[in-house]
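Not measured: the values here are computed from a predicted model.
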Amino acid sequence: MAGTSAPSVAPTVGTPLPVIRKSDTKPTWCPGCGDFGVVAAVEMALKRLKIPSHQIVIVSGIGCSSNLPHFLSSYGFHSIHGRALPVAEGIRWANHGLTVIATGGDGDGFGIGAGHFIHTMRRNVDMTYVTMDNQIYGLTTGQASPTSTIGQKTKSTPNGVIEHPIDPISLALASGATYVARGFSGDVKQLADLVAGGIQHHGFSFVDVFSPCVTYKLNTFDFFRQRVYKLESAGHDPGDIVAAFARSLEWGDKIPIGLFYRTERPTYEDLEEVLSAGPLALQKSGLKGQDALLDEFV
């Protein structure tokens with residue numbers, strides 16, 4: 001992405017393709033779903049950065065939110081449950097001149113996908129991950145998710161959730177993400193700013209988004225509007241990881257949104273010797289020193 005000098009694979013058409021736009025596929029989300037705000041913010045961010053459609057790949061897992069790649073005119077890959085990040089990593093390493101964005105939900109990303117979430121962050125792969133966090137499994141009709149708060153009554157917890165919820169922001173900070181932010185789909189302008197900042201950042205960028213589910217109605221748009229405050233308005237220093245941890249633990253009457261943390265360190269692509277020769281897609285295929293290798297074993 002931005003920050004790397006690696007060339008991208010040239011488009012196969014004779015003229016440059018336009019920047020991102022909505023595709024002909026219409027969203028199937030429930031009317032009023034928070035995910036409409038997220039797809040609008042991603043589109044706004046990519047248009048602002050003027051990245052051509054053929055240089056963008058959006059990868060998702062499974063869930064309501066994971067349909068997002070269908071609704072924009074970029075390349076897309078709809079992977080299996082919880083596996084958006086390893087697929088996105090593979091695409092990024094095959095051609096690290098591409099802008100790679102992974103999208104998904106809290107069940108997909110922090111449940112079955114939690115291991116990939118941690119390891120992609122510690123590698124500091126240069127990509128952006130946007131999660132739509134509604135604290136419920138919406139597609140499979142309303143079970144508790146890893147971010148459901150204690151006491152929430154759902155189809156799978158009729159007497160209330162008894163497990164402590166995962167905190168995606170503090171987990172990202174502890175795991176090595178170099179850009180950590182949280183947005184609210186009810187504030188598309190700020191969310192577009194956060195997504196654009198993540199795409200421009202050289203390293204793993206994580207943007208968790210409060211994206212209320214209007215069908216199962218746990219924490220609603222009104223719930224968040226009454227509680228969220230912007231970190232930039234509170235004088236937060238995104239270079240201070242200790243302060244970022246402290247802010248990440250705030251939940252209740254006041255809930256912070258905005259950029260929690262940003263730092264610079266070498267990415268996986270910077271340090272991997274094979275990738276230093278350029279994108280794998282543009283490298284000559286075959287084994288180096290294959291004759292010596294064959295002599296050893298044949």
Side-chain angles (χ1 to χ4, degrees), residues 25-42 58-71 76 78-85 102-118 129-172 182-188 191 206-228 248 250-253 255 257:
T25 302
K26 304 301 180 185
T28 53
W29 295 320
C30 301
C33 174
D35 295 354
F36 283 101
V38 180
V39 74
V42 172
I58 303 177
V59 183
S60 69
I62 296 296
C64 295
S65 54
S66 292
N67 288 325
L68 190 146
H70 299 255
F71 310 138
H78 201 152
S79 72
I80 59 176
H81 200 205
R83 311 304 182 212
L85 288 179
T103 65
D106 47 297
D108 179 67
F110 312 137
I112 191 171
H116 298 302
F117 182 50
I118 292 169
Y129 185 32
V130 180
T131 56
M132 284 144 271
D133 188 349
N134 58 16
Q135 298 145 343
I136 197 78
Y137 279 98
L139 185 66
T140 50
T141 70
Q143 299 91 342
S145 87
T147 56
S148 297
T149 55
I150 292 175
Q152 283 188 345
K153 294 183 178 181
T154 73
K155 283 190 176 181
S156 60
T157 58
N159 294 321
V161 172
I162 61 173
E163 299 168 314
H164 190 76
I166 283 176
D167 176 12
I169 299 297
S170 59
L171 181 59
R182 178 196 282 151
F184 171 42
S185 61
D187 188 340
V188 175
L191 181 54
F206 174 54
V207 183
D208 191 39
V209 185
F210 290 138
S211 185
C213 176
V214 294
T215 297
Y216 296 106
K217 297 181 179 68
L218 294 178
N219 292 328
T220 64
F221 279 97
D222 285 342
F223 172 90
F224 286 114
R225 286 195 180 103
Q226 294 166 13
R227 289 166 174 80
V228 296
S248 75
E250 294 181 15
W251 183 269
D253 293 337
I255 303 172
I257 57 175

- Quickly, which of Asp35, Thr131, Asp133 forms a side-chain hydrogen bond (donor to acceptor under 3.5 Å, both in side chains) with Ser211? Name it, please. Asp35
- Contact list for residues 218-227, test salt bridge (charged side-chain N to carboxylate O under 4.0 Å, His left out), sequence neighbours left out: Asp222-Arg225
- Message: Applying side-chain hydrogen bond (donor to acceptor under 3.5 Å, both in side chains), can you list everything that pairs with His81, at least two apart in sequence or on another chain?
- Response: none
- Message: For Trp251 and Phe223, take the angle between the two ring planes, folded into 0 to 90°, and tell me which bin it lands in: parallel under 30, tilted 30 to 60, perpendicular over 60.
- Response: tilted
- Item | Within 6.0 Å of CD in Glu163, more than 12 heavy atoms from elsewhere | no
- Phe36: ring pair (Phe, Tyr, Trp, His ring centres under 6.0 Å) partners, not counting sequence neighbours: Trp29
- Task: Could you check whether the rings of Phe206 and Tyr129 sit parallel, tilted or perpendicular, using 30° and 60° as the cut-offs?
- Result: tilted
- Message: List the residues meeting side-chain hydrogen bond (donor to acceptor under 3.5 Å, both in side chains) with Thr220, not counting sequence neighbours, and say none if there are none.
- Response: none
- Heavy-atom nearest pair, Cys64 first then Gly138, reads SG-C, 3.9 Å
- Item | Steps toward side chain to side chain contact (heavy atoms under 4.5 Å, CB included) verdict (Gln152, Asn219) | CA-CA 10 Å; Gln152 283 188 345; Asn219 292 328; 3.7 Å; yes
- Can you name the residues that form a side-chain hydrogen bond (donor to acceptor under 3.5 Å, both in side chains) with Ser170, not counting sequence neighbours? Asp167
Using distance only, find each side-chain donor-acceptor pair of residues 103-118 under 3.5 Å and give its atom names and separation, not counting sequence neighbours.
| residue | atom | partner | partner atom | Å |
| --- | --- | --- | --- | --- |
| Asp106 | OD1 | Asn134 | N | 3.1 |
| Asp106 | OD2 | Gln135 | N | 3.3 |
| Asp106 | OD2 | Ile136 | N | 3.3 |
| Asp106 | OD2 | Ser145 | OG | 2.4 |
| Asp106 | OD2 | Thr147 | OG1 | 3.1 |
| Asp108 | OD1 | Ile62 | N | 3.2 |
| Asp108 | OD1 | Gly82 | N | 2.5 |
| His116 | NE2 | Arg83 | NH1 | 3.2 |

- Query: Which atom pair, heavy atoms only, marks the closest approach of Gly34 to Ser185?
  - Reply: O-CB, 3.1 Å
- Task: May I ask you to decide if Ala144's main-chain N or O and Ser156's side chain share a donor-acceptor pair within less than 3.5 Å?
- Result: yes
- Close side-chain approach of Ile255 and Arg182, heavy atoms under 4.5 Å: yes
- Query: Should Leu191 and Ile257 count as side-chain neighbours, where that means a heavy-atom distance under 4.5 Å?
  - Reply: no
- Query: Taking side chain as C-beta onward, heavy atoms only, is Cys30 less than 4.5 Å from Val214?
  - Reply: yes
- Task: Verify, without hydrogens or angle tests, whether His78 (side chain) and Val59 (backbone) share a donor-acceptor contact under 3.5 angstrom.
- Result: no
- Query: For the atom pair CG (Leu85) and OG (Ser60), what is the distance rounded to the nearest 0.5 Å?
  - Reply: 11.0 Å
- Closest non-hydrogen atom pair, Pro146 against Tyr137: CD-OH, 3.9 Å
- Could you grab the distance from atom CZ of Phe71 to atom NZ of Lys26, nearest 0.5 Å is fine? 10.5 Å
- Side chain to side chain, Pro212 and Phe184, heavy atoms closer than 4.5 Å: yes
- Atom CG in Asn67, atom CE in Met132: separation rounded to 0.5 Å? 9.5 Å
